[in-house]
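Have a look at the structure below, then the notes.
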Number of protein chains: 2
Amino acid sequence: MEMDKVFEALASGPRRQILAFLSKTELTTSDLALRFRMTAPSMSRHLSVLEHAGLVTSERRGSKVYYKLEGKSLVNTLTGFAFEICPVAGPLKRESRAMAKRQRATD
Amino acid sequence: MEMDKVFEALASGPRRQILAFLSKTELTTSDLALRFRMTAPSMSRHLSVLEHAGLVTSERRGSKVYYKLEGKSLVNTLTGFAFEICPVAGPLKRESRAMAKRQRATD
DNA sequence: TTGCTAATTAGCACATTAGCTAATACTATG
DNA sequence: CATAGTATTAGCTAATGTGCTAATTAGCAA
């Protein structure tokens with residue numbers, strides 16, 4: 001919803017990668033902290049930024065907090081902005097898929 | 001091409017708005033500085049960031065430098081990233097257009 | 001060359017961000 | 001209740017970003 005917060009959240013490489021992790025499965029703060037070799041407080045902060053931007057949601061289960069991707073929110077904001085700036089993008093869908101695939105391949 | 005630079009460039013509200021201005025026509029540094037009530041040096045810096053991210057190109061004509069949007073670069077990076085994180089976005093195109101329209105309407 | 005306009009670069013002040021450690025909640029379990 | 005485990009908040013430092021003014025570079029014209 002708030003474009004400012006979304007783009008601020010996405011400005012950080014680690015945060016974009018957190019989203020990539022969460023695109024596969026839910027994970028807890030400490031799960032992610034381990035994978036990023038980062039302290040739990042630092043990770044908690046990143047997750048807070050992502051949550052305030054509406055890009056992830058959290059759910060407490062017992063003593064752990066699980067974070068989950070809000071994929072629609074991400075896609076709608078990004079494509080909404082792209083079309084606002086460049087409304088000619090009709091034929092780009094197929095091309096973009098191919099590009100996404102190439103980028104995954106070079107990770 | 002370099003996702004880091006693109007997202008860093010888009011993290012600034014003024015820079016996103018500069019892209020919106022450039023989506024309609026080419027403009028010079030001082031044109032944009034006037035519209036944003038910003039000094040020319042500040043604007044020059046923003047344009048430099050956008051150019052290094054590949055989102056705009058510049059062309060000197062006489063003593064003025066004209067900046068132009070690289071729409072494809074923007075759209076490819078954003079949709080490429082969106083599909084990488086959330087590859088389910090097939091049916092979202094129409095929806096996104098509608099959203100872009102709504103956002104323009106509330107400017 | 002000189003003068004004028006446009007653009008950029010350099011240097012400074014201020015605010016913000018990202019990482020850490022230490023301290024503080026919250027939850028489950030002895 | 002006490003303790004351990006998980007998460008978050010507070011407080012700090014180092015680095016970065018954004019705005020400005022002053023100085024410098026590039027181009028055009030007298």
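A, B, ... follow the sequence lines: proteins, then strands. Residue 1 opens every chain. The structure presented is a predicted model; accordingly, all values stated were derived computationally and were not measured.
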Open item on the list: With heavy-atom distances below 4.5 Å as the criterion, would you say the side chains of B:Thr57 and B:Tyr67 are in contact?
Closed with: no
Task: Close side-chain approach of A:Leu69 and A:Leu55, heavy atoms under 4.5 Å - done: no
Task: Separation of C:dT8 P from B:His46 NE2 (nearest whole Å) - done: 13 Å
Task: Side chain of A:Thr39 (C-beta onward), nearest among C:dC20, C:dA18, D:dC20 - done: C:dC20
Task: Gap between atoms CZ and P, on A:Arg37 and C:dG19 respectively (whole Å) - done: 15 Å
- [ ] Write down the distance between CG (A:Leu32) and P (D:dT8), rounded to a whole number of angstrom.
- [x] 11 Å
TODO: Please check the phosphate of D:dT8 (OP1 and OP2 only) for any side-chain N or O of A:Tyr67 closer than 4.0 Å.
DONE: yes
Open item on the list: From NE2 of B:His52 over to P of D:dG17, roughly how many Å is that when rounded to an integer?
Closed with: 13 Å
- [ ] Answer with base, sugar-phosphate or nothing: what part of the nucleic acid does A:Thr28 contact at a heavy-atom distance below 4.0 Å?
- [x] sugar-phosphate
Open item on the list: Mind checking if B:Arg61 touches a base, just sugar-phosphate, or nothing, with heavy atoms under 4.0 Å?
Closed with: nothing
Open item on the list: Can you measure A:Tyr66 atom OH to D:dT6 atom P for me and round it to whole angstrom units?
Closed with: 10 Å
Open item on the list: Do A:Thr79 and B:Leu78 have side chains that approach each other closer than 4.5 Å (heavy atoms only, starting at C-beta)?
Closed with: no
TODO: Check every atom of D:dT8, D:dT18, C:dT27 against the side chain of A:Ser63 and return the nucleotide holding the closest atom.
DONE: C:dT27
Open item on the list: Heavy atoms from C-beta onward define the side chain here; which of C:dA22, D:dT6, D:dT18 lies closest to that of A:Pro41?
Closed with: C:dA22
Open item on the list: OP1 or OP2 of C:dA7 versus the side-chain N and O atoms of B:Ser30: is any pair under 4.0 Å?
Closed with: yes
Task: Separation of C:dT27 C1' from A:Glu59 CD (nearest whole Å) - done: 15 Å
- [ ] Please determine if A:Lys72 and A:Glu70 form a salt bridge, counting it only when a charged side-chain N lies under 4.0 Å from a carboxylate O.
- [x] no
- [ ] State whether B:Thr29 places a side-chain N or O below 4.0 Å from either non-bridging phosphate oxygen (OP1 or OP2) of C:dT8.
- [x] yes
Open item on the list: If you compare every side-chain N and O of B:Ser42 against the phosphate oxygens of D:dC20 (OP1, OP2), does one of them come in below 4.0 Å?
Closed with: yes
- [ ] Round to a whole Å and report the spacing from CD of B:Glu51 to P of C:dA7.
- [x] 13 Å
Open item on the list: Can you see if the side chain of A:Arg45 gets near the phosphate of D:dA7 - specifically, an N or O under 4.0 Å from OP1 or OP2?
Closed with: no
Task: Of the listed nucleotides C:dT8, C:dA18, D:dG19, the one nearest the side chain of B:Ser44 - done: C:dT8
Task: Side-chain ion pair, A:Asp31 and A:Lys64, N-O less than 4.0 Å - done: no
Task: Among D:dT21, D:dG17, C:dT8, the nucleotide that comes nearest once only the side chain of B:Val65 is considered - done: C:dT8
- [ ] Please report, rounded to the nearest Å, how far the P atom of D:dA7 is from the CE atom of A:Met38.
- [x] 15 Å
Open item on the list: I'd like to check B:Leu27 versus B:Arg35 (side-chain heavy atoms, cut-off strictly below 4.5 Å). Are they in contact?
Closed with: yes
TODO: For the side chain of A:Arg60, starting at C-beta, report the closest nucleotide among C:dC26, D:dC20, C:dT21.
DONE: C:dC26
TODO: Determine the contact category for B:Ser12: base if any of its heavy atoms lies under 4.0 Å from a base atom, sugar-phosphate if only primed atoms, P, OP1 or OP2 are that close, otherwise nothing.
DONE: sugar-phosphate
